[in-house]
Each structure stands twice: as C-alpha cells, then as structure tokens.
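As the structure is a computational prediction, the values presented were derived from the model and not from experiment. Order of the sequence lines sets the chain letters (A, B, ...), proteins ahead of strands, with each chain counted from 1.
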Amino acid sequence: MSAEAIRLAVGRPARRLFVHQLRTEQLVFWRSREAAFFIFIFPLLLFVLLGSVYDGKFQHVPVRWAVLAGLVGYGCANTSFAGLAIQLVLRRESGVLKRLRSTPLPSATYIVALLVSTLLVFGLQALALFLLGRVLYGTPFPSDIGSLVATLLIGSAAFAALGTATAMAIRSAEGSSAAVNFVLLPMAFLSGGFGPTTGYPAVLRAIGDVLPLTYFVKLVNAVYLHGHGFWTQPEALLVLAGWGVAGLVLAVRNFEWEPRER
Amino acid sequence: MHAIEVSGLRKAYGNLEAVRGVDFTIEEGEVFGLLGPNGAGKTTTVEILEGYRRRDAGEVRVLGHDPDDPGPDFRERIGVVLQSSELWPNLTVRETHAIFAGYYHAPRDVDEVITLVGLEEKTGARVKSLSGGQKRRLDLGIALVGDPDLVFLDEPTTGFDPAARRAAWEMIRSLRSLGKTVLLTTHYLDEAEQLSDRVAVMREGLIVRVGTPADLTTTDLQTEIRYRRNGEDVLLRTNEPTRVLAELTSAAVARGEELEGLQVRRPSLEDVYLALTADEAEVES
C-alpha cells in the first residue's frame, strides 16, 4: 500500500467501514435463499398473479396501475418492515449483534449500513415491479420520478422504524417470521396492498384507515396514478410520519444487542 | 505494564450480587485461567472487561482503557470468543474471516489465520455445514484476525472431542508464544492446568484463590496415601509424604509384609477446585 493509500484508509475509517458493512449486508442478504425469495421475489410473484385477475378502471385509470401501486406498498412493508424485523431478531438471537459489538465497527455504522442495504433491496424490487408491469400489463413508468423516489424513501424510513421496534418486541427467533407475517398480511390486505379496497365492507375499510400502509399506498397512488407531487398529500405524510416517529422512539428505547433467550 | 487490572469490582443484577468485590491483575503475555462453577460470576466479570456490561463499583483497566468508556483503539486490540455465536450460516469460512478482517486497521492475513485455526480444508465451506468443533475454531479465527494483543476465550473447547481439544490447546499455546495475553474461562480443570500460567478460582462472586496451578496443588491439600491392610482400605493424608511413607514402608518391610494396593497421590487441581468450591457444610464435615 502506498503512503497515500494508507493516509486515505486511515483518514476515512468511517466511510470505509460503512462501505465494508454495506457489502457484507448485501452478501448476507442475497446468499440466503429464504430472504431473497420471501422478501424480494414474493411481491413480484403476487403482482404477476393479481395483475392477471384484476381488470377495469380505478380512479379513472386502468386498475392494473393501482394493483402495481398497491404492490409497491406491500413490497415496501414486506422489505423494510417484515424483512428487517425478522433479520434483526435472527441476528440478535444468534449472537451476531453481540459479537459485532466487540469489534471496532461502530454501532451507528452497523445500523445505517443495515438500513441502507434494506433500502437498496427495496429500490431494486420497485424497479423490478415497474419493469414487470411495463412488460406484462403495459403499465407506464412513473411520470414524476423525483416524487416517487421521495415517497419510497419516506415509506421505507417509517416502515424500517416500525420493523426495528417490532423486532425488539419479539422475544425469540422461533416463530418470529410467523408473528411478523401475522401483522403484515392482514395489514397489506386492509390497506390496499393487494389491490384497491373500494369494494370492501365499511368495517374493514375503517380498520384500514388507521394503518400506516393505507396512507403509504394513498401516497403512491397520488404520485403514480395521477402524477401529483408527494407534498400534495399532507394527511398521508402526517400519518406516516406519526407512525414512523412512534416506531423510532420505541426502537431506540428498546434496542437490544444481546440474545433475549438464554 | 499490566494487561488487566481489577480492584474492588462489583456488579449486581437486581438483588443478586453476581460479583462482590473482585481484585486481580494479569500481566502482559500471561495466560490467565478463570475457574468456577456456574453462577460464580466468571462470565459477568469477563463481560465487564470486554465492555459488554457496566460495573457498579470498582476500578478496571484493560490495556490501559476503562472498558465502560474506552478509547478508539480498545476494540482494535481485543479479540473475543463468546460462549456461542452462530454468525452467518450461508457465508463461507473465508468470507466470514474476511468480513471480520475488514473491521480492523491492521488485520492479519486471512488465509494465515484460517490455517492457524486448522480450517484450511474448509475455506470454501458454508458456516452452516461445519461441525460444532469447527464452528468454535471459526470463532477463534475471527477473534484472532484483527491481530489483538488481548484475547478473551470463554469456554473455548466446550463440545470438543479429545483430539480437537488437544489441537485447540496447541493453538492457545501458540497465542502465548506470539506474546498475546489470554484470559481463559473454562469448566475443564485439566485445560486450565495445562494452559494457564496462573489460575483464579471464583465462587459466589468472589475470588477464593489465585496462583500458579503448581502453587494451588502443593499448598492447599495434603498428599493422599492409600493401601490395604487385612482387607481394610486405609487412607492417610499428610503434609510430609516422604517421612510418612518411609515409616510405613520400613515398618512393613520389618514385618515382612507387602503393602497391598499402595498408592501415593498428589492432589490434582481438580481436588483443590472441588474443595474450594464445595458448599460450606461439606467443607466443615
């Protein structure tokens, strides 16, 4: 190593460690077939299935556009909320989090790398959804990319906070996946993640009205179906932010590095 | 300089006083064995030194750092083998070592460490395919890859077969020859006796004895002499085995008798340990 290279390596340890950990997280994620399938592939499969059964119009646009928007919402919750929660529980209970604490890797660098890695997976998934929609069902690409990216970032942040809080509420690795999906799947159904809820009974829609995913899907609908800027939906932004902040407070207060069992 | 200095260390969990005033020092380059039954406070003590737990009272210096508020290079200089950790099951042995190497400024060569811990045949194998003993060697490898000055080994050979244990002992001896300081906690007394320069025996949150294994076995318990006479087992305990044995044998020779089943047994570290950690009632009886 040249003197210059040494100076750079030592001068920017934080960035070097972040990049190293981000690569580690990506390697760990894609190497696990269960994670890659249930988190990345499953929403794509659901989109192909649901897109083939829905037909007609929703809010004056083809309903398949809305199905795509809903699946982007489900994908976000599936990756940033459920996937993150399950992975965090597994790593805490297996002792990886505890082991990493004794290395020079700062805790904050670890958390940020894990969140960015999760976001990267979801970003690729959203891209794959739009490409699939275009090829299979002729859905358009979003007209306002900037607004869509901002929407996805806001949603991911809120769901990641909720996912971390949920992980800290789960005591054991066994059954963590069942527990998380017990929350995720009904939420996705009630919030329009599996297609528009206009035909649902009023009771179910009333339950859906308090869930964060409902507001995230509304936001994606506004941006993707109607080309509105994300800032035109203050109600949805406010509810999402509320859930996100509540999740963040719980996540920070209850965060545990060591196994709960044993 | 001392690698580790501990004085008046205390730690309670609620009403349970896990560590009740512990003092010891470990010199640089020393292999120090911490022994004691479950619940004696060993793991709490070690986890305070590693920086996992905050102490309630006392002074602690580890490589000159206070582990409750360590400087930036503290974690560069320690290596930790926890009682059990699962790591990432789908990554290979080499990938796992390389990831840990990436956390340190000046890591050792990854392949060299893999060879040192005897996993060179498993370099490309997934972690989930390793046996229990191989996983422990991986734990040791990732603790050494950062080239630490001080290594914490918590029960490093639990679940090993005898051959794997001998191999692990060789590795730990090689750490000493590299000049590393090692704090070893173990249940196995033969392990502590074989590897440690000094041992400390903990019981109910206190250190009840510190010394070299030889010191502990010569000063604490008396030598046992056993033989059979008229079909009865006889057991003598003495601090002067040479004199007692000479008297016994010369008397027997004078009578023209053979001392049946004659045995002279120096107490092992295990005997000392059992005496030190036995319940008070048992000791008195």
Asker: Check this for me: does any side-chain nitrogen of one of A:Glu258 and A:Arg99 sit under 4.0 Å from a carboxylate oxygen of the other?
Answerer: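 Looking at A:Glu258 and A:Arg99, the cut-off is not met.
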
Asker: Measure distances from B:Phe152 to the heavy atoms of chain A and classify the residue's part below 4.5 Å as side chain, backbone, both or neither.
Answerer: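 When you check distances to chain A, no heavy atom of B:Phe152 falls under 4.5 Å.
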
Asker: Chain A heavy atoms under 4.5 Å from B:Ala143: which part of the residue, side chain, backbone, both or neither?
Answerer: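 Contact with chain A is through both the backbone and side chain of B:Ala143.
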
Asker: Quick check: under 4.5 Å, non-hydrogen atoms only, which of residues 30-43 of chain A neighbour chain B?
Answerer: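 Those residues of residues 30-43 of chain A which have a heavy atom under 4.5 Å from chain B are A:Arg31, A:Ser32.
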
Asker: Please determine if B:Arg20 and B:Asp56 form a salt bridge, counting it only when a charged side-chain N lies under 4.0 Å from a carboxylate O.
Answerer: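 No, B:Arg20 and B:Asp56 are not salt-bridged.
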
Asker: For B:Glu76, is it the side chain, the backbone, both or neither that has a heavy atom under 4.5 Å from a heavy atom of chain A?
Answerer: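 When you check distances to chain A, atoms from both the backbone and side chain of B:Glu76 fall under 4.5 Å.
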
Asker: Check whether B:Leu82 gets within reach of chain A through its side chain, its backbone, both or neither, counting any heavy atom under 4.5 Å.
Answerer: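 The answer is the side chain of B:Leu82.
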
Asker: For the side chain of A:Glu93 and the backbone of A:Leu90, is there at least one donor-acceptor N/O pair under 3.5 Å apart?
Answerer: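 No, A:Glu93 side chain to A:Leu90 backbone: no donor-acceptor pair under 3.5 Å.
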
Asker: Identify whether the distance between the nearest side-chain nitrogen and carboxylate oxygen of B:Glu47 and B:Arg54 falls below 4.0 Å.
Answerer: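 Judged by the 4.0 Å cut-off on N to carboxylate O distance, B:Glu47 and B:Arg54 do not form a salt bridge.
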
Asker: Name, in order of residue number, those residues of residues 110-125 of chain A that have a heavy atom at a distance of less than 4.5 Å from a heavy atom in chain B; otherwise write 'none'.
Answerer: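 Contacts with chain B: none.
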
Asker: What I want to find out is whether B:Glu30 reaches B:Arg198 closely enough, with some N-O distance under 4.0 Å, to be called a salt bridge.
Answerer: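 Looking at B:Glu30 and B:Arg198, the cut-off is met.
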
Asker: Between the side chains of B:Ser7 and B:Asp23, does any donor sit under 3.5 Å from an acceptor?
Answerer: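 Looking only at side-chain atoms, B:Asp23 and B:Ser7 do not form any donor-acceptor pair under 3.5 Å.
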
Asker: Does this structure show an ion pair linking B:Glu155 with B:Arg136, if we count only N-O contacts that are shorter than 4.0 Å?
Answerer: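 B:Arg136 and B:Glu155: not salt-bridged.
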
Asker: Is it true that B:Arg55 and B:Asp66 make a salt bridge, defined as a side-chain N closer than 4.0 Å to a carboxylate O?
Answerer: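 Result for this pair is yes, salt bridge flagged.
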
Asker: Using modelled atom types only, decide if a donor and an acceptor are shared between the side chain of B:Ser129 and the backbone of B:Ala125 within a distance under 3.5 Å.
Answerer: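 Such a contact is absent between B:Ser129 side chain and B:Ala125 backbone.
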
Asker: Can you tell whether the side chains of B:Arg165 and B:Glu191 come within less than 4.0 Å, N to carboxylate O?
Answerer: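 Result for this pair is yes, salt bridge flagged.
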
Asker: Distance only, no hydrogens: is a donor on one side chain within 3.5 Å (strictly under) of an acceptor on the other, for B:His2 and B:Glu28?
Answerer: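 No, B:Glu28 and B:His2 have no side-chain donor paired with an acceptor closer than 3.5 Å.
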
